[in-house]
Amino acid sequence: MSDQEEQMSGQPHDRVGADHAGLVEAMNSAIVAVGASGRITAWNPWARHLLGYASEEALGRPVDRFLHRVVEGEPPPRRDCRILRTLRTGVPYHADGDSFTHRDGHSVMLAWSSAPIYADEAADEEHGAGAVAGAVIVLQDAAERLRIEREQHDRMAQARRANSRLALVAEITTVLSSTLNEDEVLRRLVRLTVPALGDWAEVDLLMLDGCVERVAATHREISPADIARLEGPLPPLPRAPRGPLARVLQGGMTMVISGDDARPYSDEPLTAAQHELFQTVDAHSVIITPLAARGETYGALTLGYSRPGHGYAPDDRLVVEDIARRTGLALANARLFTAQRNTAEAMQRSLLTPLPQRDDLQLQARYRPAAQASWVGGDWYDAFPLATGATGLVIGDIMGHDLHAASRMAQVRNMLRALAWDLDVPPSTVLERLDAVMDAVSDAELATAVFGRVERTTAGSWYLRWCNAGHPPPLLISHDGATTFLEEHGMLLGDPGLTDARPDGIRELPPLSTLLLYTDGLVETRGTDLTDSLTGLRRHSAHLAELPVSDLCDQLLERMELSGEDDVALLALRVPE
């Protein structure tokens, strides 16, 4: 059938729109009217502007020839044309944006709506609106609106992404700054970066001997047990690095590479080890950035995606580098505090002299530093022979947990030794003199201590004379497991506002009994009642009473469930049979 025949065949049924032709022509939106058969009865200039067809090309022809809605590059079959559905159902339809084919072949994005036209506009409610005589279709260019909406959506997505990354950096900063344990810092780091910044992450550290060690790794799908097998020593850093990891560790810049870029070199085992890791995690896109601070490179953080299609854009690189800088600073601080702790601990241990063994008395001592790098230095124990033949015992704690506390502890310890040797007076008098000397010649502030003398009578029995200056009470453990706290208690050292007299105590020490002196780190734990802790100390000591005194000390440190928040000193004396 020719175009003219098509037009003629449609005329008896497709007169819809003829009465409104002038109105249709004047509309500033694309208007297309169709009759009941789906042939076009009106086509205004805006329809030509949007779709490229003149009205003489469109009038009288099937509407689906011109309004081809493109789905995956092909127009839908006529039976699936949503434009014609209004004619079949009498129900209006609309779409915010569909792709249609322009006359010249390119696609245009249009928003459209269709509304039915009924043959009997005056039909009553009982019989409905009458038969569908045609439809009016309104089309508008949606490309600009959709472009603006996409841009707004992209900007919002970028803002959400930026806020998410800022929140991640803030969280990592908070978590990393909450510990000074280097291993814990790095394990927290890899756990926080996956899956936010990659499918897997690992950290390689430079050791002091020039070797490299993979100290932490994680993967979103590989089990912790399997990923742990990837950790451990790696080959040393080559002198002339060529592989990406070696170049970053040598003080280089951040590198973004594909998994295939870490090809192994026969003369560079470190790169071969990195290539083996990439194969294990199926690396597609990788970023390696140095962990550095204050001019020193400590290691490298490596992040990667195992899924194709994921990579690291410039803004991702900035985020990863920021995290690496913060981690480098956390490592620098951890190492600084570790060095301070080691110095304080070495200084303190050098002041804890070997214990004397006299008259069959068995003496054992233990010192355990705090877990925190800076919390060390205030606790000490001491035992020494006196001019009278007695044995002096001291347990003490200087206020503070740092290198200065260790220094002040050394001052107080030496002063107490000198006073105890020179003065044949009750222990309370020795501590009173120590209090006065501390105020005059030492910068030590508050301190607690127990000073006692263990002496043997002419009849062969042993007894303890002691004075307690604000310290936890000594514990006397009999051989059969009975326990007694020596409760006599006096004021602290170093507080001029305390002027009460210091009481002395005296107690016989039964054969094979154990006298235990300790610092508060053994019994004081945050969130635990002190009375409960002291009860626990009595209970454990009773169970361990018959053990050799060295084993008793070791077992107590294990059973008391130390928090590590404070250093602990123990001094134990076993009376002979």
Side-chain angles (χ1 to χ4, degrees), residues 1-121 123 129-146:
M1 184 182 295
S2 67
D3 290 343
Q4 184 177 6
E5 291 173 330
E6 287 181 344
Q7 292 177 7
M8 294 292 294
S9 64
Q11 285 176 359
H13 306 286
D14 294 342
R15 299 180 58 85
V16 175
D19 296 337
H20 306 289
L23 178 62
V24 169
E25 292 291 324
M27 295 287 287
N28 61 357
S29 295
I31 304 294
V32 177
V34 298
S37 66
R39 297 179 181 277
I40 298 172
T41 60
W43 183 277
N44 75 347
W46 269 101
R48 176 176 183 174
H49 173 73
L50 292 181
L51 293 167
Y53 296 96
S55 59
E56 56 269 21
E57 296 178 279
L59 292 174
R61 292 178 173 81
V63 68
D64 57 314
R65 284 193 178 188
F66 301 94
L67 296 182
H68 291 317
R69 187 173 59 86
V70 179
V71 180
E72 297 181 355
E74 296 293 335
R78 178 183 176 88
R79 65 179 180 274
D80 296 331
C81 180
R82 287 194 293 170
I83 297 292
L84 296 175
R85 196 178 301 170
T86 298
L87 293 176
R88 296 194 302 269
T89 65
V91 177
Y93 290 95
H94 76 279
D96 290 332
D98 278 340
S99 180
F100 293 88
T101 303
H102 191 273
R103 189 178 191 277
D104 63 10
H106 77 272
S107 63
V108 291
M109 189 64 65
L110 302 177
W112 61 270
S113 61
S114 63
I117 299 175
Y118 297 101
D120 184 6
E121 297 180 358
V132 176
V136 175
I137 305 162
V138 180
L139 303 104
Q140 292 181 325
D141 188 354
E144 181 65 15
R145 176 178 59 80
L146 293 177

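It should be emphasised that the depicted structure is a prediction, and the values quoted were computed from it without experimental measurement. In what follows, residues are counted from 1 in the order of the sequence shown.
Judged by distance alone, the side chain of Arg39 and the main-chain N or O of Gly60 form a donor-acceptor pair under 3.5 Å.
Under the 4.5 Å side-chain criterion, counting only non-hydrogen atoms from C-beta, Trp46 is not in contact with Ser29. Inter-residue side-chain proximity for Trp112 and Tyr93 is flagged as met; some heavy-atom pair is nearer than 4.5 Å. Two residues are said to be in side-chain contact when any heavy atoms from C-beta on lie closer than 4.5 Å; Arg145 and Gln140 fail this criterion. Side-chain contact between Ile40 and Tyr53 is absent, with no heavy-atom pair separated by less than 4.5 Å. The shortest side-chain heavy-atom distance between Val32 and Leu51 does not fall under the 4.5 Å cut-off. Two residues are said to be in side-chain contact when any heavy atoms from C-beta on lie closer than 4.5 Å; Tyr118 and Val132 meet this criterion. Val63 places a side-chain heavy atom less than 4.5 Å from the side chain of Leu84. Considering only heavy atoms from C-beta on, Ile31 stays 4.5 Å or farther from Ile137 through its side chain.
In this structure, Ser113 OG and Leu139 CG are separated by 8.0 Å, a value rounded to the nearest 0.5 Å.
Ser107 and Ser99 make their closest contact through CB-OG, 3.3 Å (heavy atoms, listed as atom of the first residue, atom of the second, distance). Here the closest non-hydrogen pair linking Glu56 and Arg61 is O-NH1, 3.4 Å. When every heavy atom of Asp141 is checked against every heavy atom of Ala143, the shortest pair comes out as OD1-N, 3.0 Å. The shortest heavy-atom contact between Ala111 and Ala142 is N-CB, 3.6 Å.
When the shell of 6.0 Å around NE2 of His94 is examined, it contains 12 or fewer heavy atoms from other residues, nucleotides or ligands.
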